[in-house]
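These notes are about the structure you will find just below.
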Amino acid sequence: MNRGAIAEVNLSAIAHNFRAVRKIVKNRQIIAVVKADAYGHGAVKVSKKFIKEGASCLAVAFIDEAVKLRDAGITAPIIVLFDRKEVREFFDFKLIPVIYTIDGALSLSTEAKKRNTVLQIHVKVDTGMGRIGLSSNSLIDDLEKIAKMDGVEITGLLSHFSDADLTDKSFAALQLERFNKIREAVSKNLNRKIFSHIANSAAVLTFKEAYLDAVRPGIMLYGYSPLCENSNPSQSPRILPVTLMPAMKIKTKLLCIRNVSSGSPVSYGRSFITRRQSRIGVIPVGYADGYNRLFSNNAEVLIRGRRVPVVGRVCMDLTMIDVTDIRNVREDDEVIMLGQQGKESITACELAYRSHTIPYEILTSLGSRSRKIYRY
Ligand SMILES: *Cc1c(COP(=O)(O)O)cnc(C)c1O
């Protein structure tokens, strides 16, 4: 038996979500964000799907992610959002760096001159995210300096919103206003309109003034709205302009079923003690596989189309569930930890709520540590 769960990724759902974005943003370019192995869904397969559906470009976080896509035969433009260390790879693999320091631009310029070539770059400006990006009063000067460098050509300008769920749009509006001012200044300076992008999923869903030339969604392409951040599943979710289809299912099979008498403790710390003659199922997935320890006595899984509770502490490689109420339960039965089975479903939003995080972390932690299979 291999360790961990199986992540079943539904590529039709991926395509459906891409089309949902297309429907909202009409003819704008779509830059599909596939960082962190496509949010745990497997970047190669998912990227190929996005390109087939018409994505103009892919965005990854680091060079190695981009190289993996190139090695898989993907020739579409790839933006590298954060990496700046391996200068040569940008040229060797025809990648688009996001520049956010003068130094970064300089070293690319030097390498370009050595190679007697010109590299297209996108420049990132910090409009309030406080992470990376040119900032401060010298921003316009810095942009001008980069524009004058030989061997690099600014073909894009970007920024990023700090309120990823945009429940309150006032700060995002301020960021957009700053960004628009910078765009104007840059366009004037370059004597051409600069290709600009700032919209993440939340902006795609709720902030059409931010669409600009291209949008840069991530989470919604995988079937989740960023708006369910911290959402209590008992509250009704905000109405979306489109339906999204979660693309990832995390599943496993029971390792064994044990019959235990009332009063039996389960797992480390004996935090759960049976109150009846019980049947406790053991599943071969634990926190080392991305199933958070905060799910101890605090999550449900699906078996035979019904919800059953996680009981006791989640261990490194094992988790216990109470299957007493499931008639005819067998050791071969499939157990769904994330996703749908019959009429029931466990969403990444539900798991995020239970473990005080966001669906992004649920998808990346479970997805990245599971064996992936694809449904078409
Ligand atoms: C992750 C990321 C995105 C996508 O954000 P979502 O909220 O997943 O849509 C867009 N732009 C940048 C710079 C990012 O880091």
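For ligands, and for the atoms within them, numbers begin at 1 and follow the listed sequence. In this chain, residues are counted from 1 in sequence order.
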Which atoms from ligand 1 have a heavy atom of [X] less than 4.0 Å away?
X	result
Ser201	6 (P), 9 (O)
Phe82	15 (O)
Pro217	9 (O)
Tyr39	1 (C), 4 (C), 5 (O), 6 (P), 8 (O)

Does any N/O atom on [X] come nearer than 3.5 Å to any N/O atom on ligand 1?
X	result
Asn200	no
Ile219	yes
Gly218	yes
Lys124	no

Using distance only, find each side-chain donor-acceptor pair of residues 140-157 under 3.5 Å and give its atom names and separation, not counting sequence neighbours.
residue : atom : partner : partner atom : Å
Asp142  : OD2  : Ser138  : OG           : 3.4
Glu144  : OE1  : Asn189  : ND2          : 3.4
Thr155  : OG1  : Ile121  : O            : 3.4

Ignoring hydrogens and angles, state whether a donor on the side chain of [X] or [Y] is under 3.5 Å from an acceptor on the partner side chain.
X	Y	value
His197	Arg28	no
Ser296	Asn298	no
Thr127	Gln175	yes

Applying a 4.0 Å heavy-atom criterion (strictly less than), which segment of [X] is in contact with ligand 1: side chain, backbone, both, or neither?
X	value
Phe161	neither
His197	neither
Lys35	side chain
Arg216	both

Quiz item: So, is the end of the Lys45 side chain (NZ or CZ) under 6.0 Å from the ring centre of Tyr374 and within 45° of the ring's axis?
Solution: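 Lys45 over Tyr374 ring: yes.
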Quiz item: Who passes side-chain contact (heavy atoms from CB on, under 4.5 Å) against Ile24, sequence neighbours left out?
Solution: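 Val204, Leu205, Tyr211, Met220, Pro241, Val242.
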Check this for me, if you would: do [X] and [Y] make a salt bridge, where the nitrogen-to-carboxylate-oxygen distance has to be below 4.0 angstrom?
X	Y	result
Glu8	Arg371	no
Arg276	Asp325	yes
Lys253	Glu334	no

Quiz item: Should Met129 be listed as contacting ligand 1, given a heavy-atom distance under 4.0 Å as the test?
Solution: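 Met129: no contact with ligand 1 (<4.0 Å).
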